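First up is the structure itself, then whatever we jot down about it.
No experiment lies behind these values; they were computed from the predicted model shown.
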Amino acid sequence: MPHRRQATTPGQQITRTLGVGQLVAAVSALVFAGAFLLAYEWVALRGALADETRMQAAIVADNVSASLMFGDRQAATEMLASLRQAGHLRTAVLYDRDGKLFARYVVSAHAAGAGSGSAVGTLAVTQAVSYRGQGLGRLELVTSTDRIVTGLLRYAGLLALASLGGLLVVAAVMYRTRARVAAAERELHFQANTDAVTGLPNRRATYRWLEEAIAEHRDGDGQVAVLLVDLDNFKLVNDTAGHAAGDVLLQQVAAALGGVVRPPDLVGRIGGDEFAVIANVADAAGAHAIGERLLAALRTPFALATGEVFATASVGLCLYPQDAPGMTEVLSSADAALYRAKGAGRNRLVAFVPEMTLAAQRRAQLEADLRRAIEQEVLLPYYQPQFDCRTGAMVGVEALLRWPHPERGFVSPAEFIPVAEDTGLIVELGRWVLRRACADVAAWDRQGAPR
């Protein structure tokens, strides 16, 4: 098989984009979820600390109510000092009903910050002190939020570990997903550019290869040779041995053609029984040499289950830029040369010459005119009588088709009948002639013609 150029498949770019998108989505989701959970945890911890402080304030308020009633500041101070066991407490201040300071307890390590109230990093709770419904004063407890920060840091650490584990899981899933997507894309790329029967590049890949080859030689030396190879009588193999045998023959032909070319030249299948060979050559002689080797490789019999088959071929050759200025012209010119090779007896190589373009244009115009002539029924049957040589009596007539062209005059059947056979118009043409001949014979009978 010929060497193929390496190209980045579209699936590689899609796989990379998919991986980046998945990663960004996963990180974004984790950041959003982490921020939400941290905010929720902050609210929950702060609420729990506030509830706990209010409960402590309510208990202390009940215990200091008697001290306020009797004006016992020392007892009140000792009661407030009992809060030292609450590690988060910073200050405890007791006021009488007139709002005057009655007693105070300040944690020594934070004495300098006593009376800071509800500054950042603290939480203040006020509790009314009363006895049997009579207000005696109020109690203010200020606690530190360090415990909340510590809890948040601990929670953030656990959340980070959980997120890391989640990212690892996502990375593993992404890796497997990207691997599967990449494999699927490679398979799709292979199927989109490879002929399923022969494993050769298909029409799409072959034409893209030709386009790249022409672009490379647009300003360089050398020539790009395009050889169209069409198998002779391949339909006969399909009809007699079956399509399975035809596929086997195509595979063997592909292997034979691939053994002739050299890397980096290309062999592709562009039609049912048509192959294309794209080769870099120095001149026309090198292209002719490749064409002759292709013909020689196909003259060897191919072994099928039904027996040996000789798969000869017709080859049309065109060179870029010698014969044509672009890809479309190269292909049409090579096709014109192939048509000339098939018309000249097949099993041969024909190189393109400019006259073939005019012939191809004339043939295309002739085909279009013939279609219109059949649709408009401008063809004429001429009847040639047939006589019995012994008796001299007329025994029948032979219908001969003639085409009076409005611009070219009468077109020879030797010219338009092959066009009808190649294009499939011969069936419609034969049906029309038969219907017209039967109508004419019936008209003769009605007119009393002798039988």
Side-chain angles (χ1 to χ4, degrees), residues 207 226-228 230 232-233 235 270-274 276 314-386 394 396-444 446-447 449:
Y207 286 177
V226 177
L227 299 99
L228 299 184
D230 190 87
D232 300 329
N233 301 321
K235 185 177 182 300
I270 61 175
D273 58 351
E274 188 172 358
S314 301
V315 180
L317 167 64
C318 181
L319 293 173
Y320 170 87
Q322 174 179 306
D323 299 326
M327 175 177 168
T328 302
E329 294 82 0
V330 167
L331 290 172
S332 62
S333 299
D335 192 64
L338 175 62
Y339 179 78
R340 178 67 62 85
K342 297 180 77 68
R346 305 187 178 187
N347 190 25
R348 66 189 63 218
L349 167 68
V350 172
F352 173 78
V353 293
E355 291 77 9
M356 293 180 183
T357 300
L358 297 177
Q361 293 173 350
R362 172 184 169 83
R363 183 178 181 277
Q365 185 62 47
L366 189 65
E367 177 186 345
D369 293 344
L370 180 59
R371 290 182 183 275
R372 285 194 294 269
I374 295 175
E375 293 174 357
Q376 299 171 5
E377 297 187 353
V378 298
L379 300 172
L380 296 176
Y382 279 62
Y383 299 100
Q384 179 173 292
Q386 295 178 336
M394 187 176 69
V397 293
E398 178 183 6
L400 303 176
L401 189 62
R402 297 294 181 263
W403 179 13
H405 195 279
E407 298 177 358
R408 300 169 53 187
F410 279 91
V411 180
S412 171
E415 185 175 0
F416 71 82
I417 291 298
V419 174
E421 291 175 343
D422 291 342
T423 59
L425 291 174
I426 192 65
V427 176
E428 186 177 354
L429 189 61
R431 186 183 299 113
W432 182 87
V433 172
L434 181 60
R435 186 168 57 249
R436 173 64 183 273
C438 291
D440 288 344
V441 170
W444 296 339
R446 288 193 298 270
Q447 294 171 5

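- Look at E415 and R363 and you find no salt bridge, because none of the NZ, NE, NH1 or NH2 atoms lies under 4.0 Å from a carboxylate O.
- Across all their heavy atoms, Y382 and R402 have their closest contact at CD1-CG, 3.5 Å.
- K342 and R346 get closest at one heavy-atom pair: O-CG, 3.4 Å.
- Between the side chain of D335 and the main chain of L331, no donor-acceptor pair closer than 3.5 Å is present.
- Within the 4.5 Å cutoff, the side chain of L338 has no heavy atoms near those of the V350 side chain.
- Closest of all the heavy-atom pairs between A324 and C318 is CB-SG, 4.2 Å.
- Residues L319 and V330 fail the side-chain proximity criterion, which asks for heavy atoms closer than 4.5 Å.
- Note that CG of L400 is 10.0 Å distant from OH of Y383, once rounded to the nearest 0.5 Å.
- Between L380 and P404, the shortest heavy-atom contact is CD1-CG, 3.9 Å.
- W432 approaches L401 most closely through the heavy-atom pair CZ3-CD1, 3.8 Å.
- At least one donor-acceptor pair under 3.5 Å links the side chain of S332 to the backbone N or O of E329.
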Verdict with supporting geometry, L228 and V315, side chain to side chain contact (heavy atoms under 4.5 Å, CB included): CA-CA 5 Å; L228 299 184; V315 180; over 6 Å; no

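- The shortest distance between side-chain heavy atoms of Q386 and E398 falls below 4.5 Å.
- When side chains are defined from C-beta on, F416 does not count as touching D369, because their heavy atoms never get closer than 4.5 Å.
- Formation of a donor-acceptor pair under 3.5 Å by the R340 side chain with backbone atoms of A336 is not found in this model.
- The closest side-chain donor-acceptor pair between D232 and S314 falls under 3.5 angstrom.
- Looking at V226 and F352, their side chains never come closer than 4.5 Å, going by heavy atoms from C-beta outward.
- Residue L370 holds its CG atom at 9.0 Å from CD of E428, rounded to the nearest 0.5 Å.
- Within the 4.5 Å cutoff, the side chain of R408 has heavy atoms near those of the L366 side chain.
- Listed here is the closest heavy atom pair of A373 and W403: CB-NE1, 3.6 Å.
- With respect to the salt-bridge test (charged N to carboxylate O, under 4.0 angstrom), the residues E375 and R371 do not qualify.
- Between V378 and R372 the shortest side-chain heavy-atom distance does not fall below 4.5 Å.
- Distance check: N233 CG to D273 CG gives 10.0 Å after rounding to the nearest 0.5 Å.
- Between L349 and L317, some side-chain heavy-atom pair lies under the 4.5 Å cut-off.
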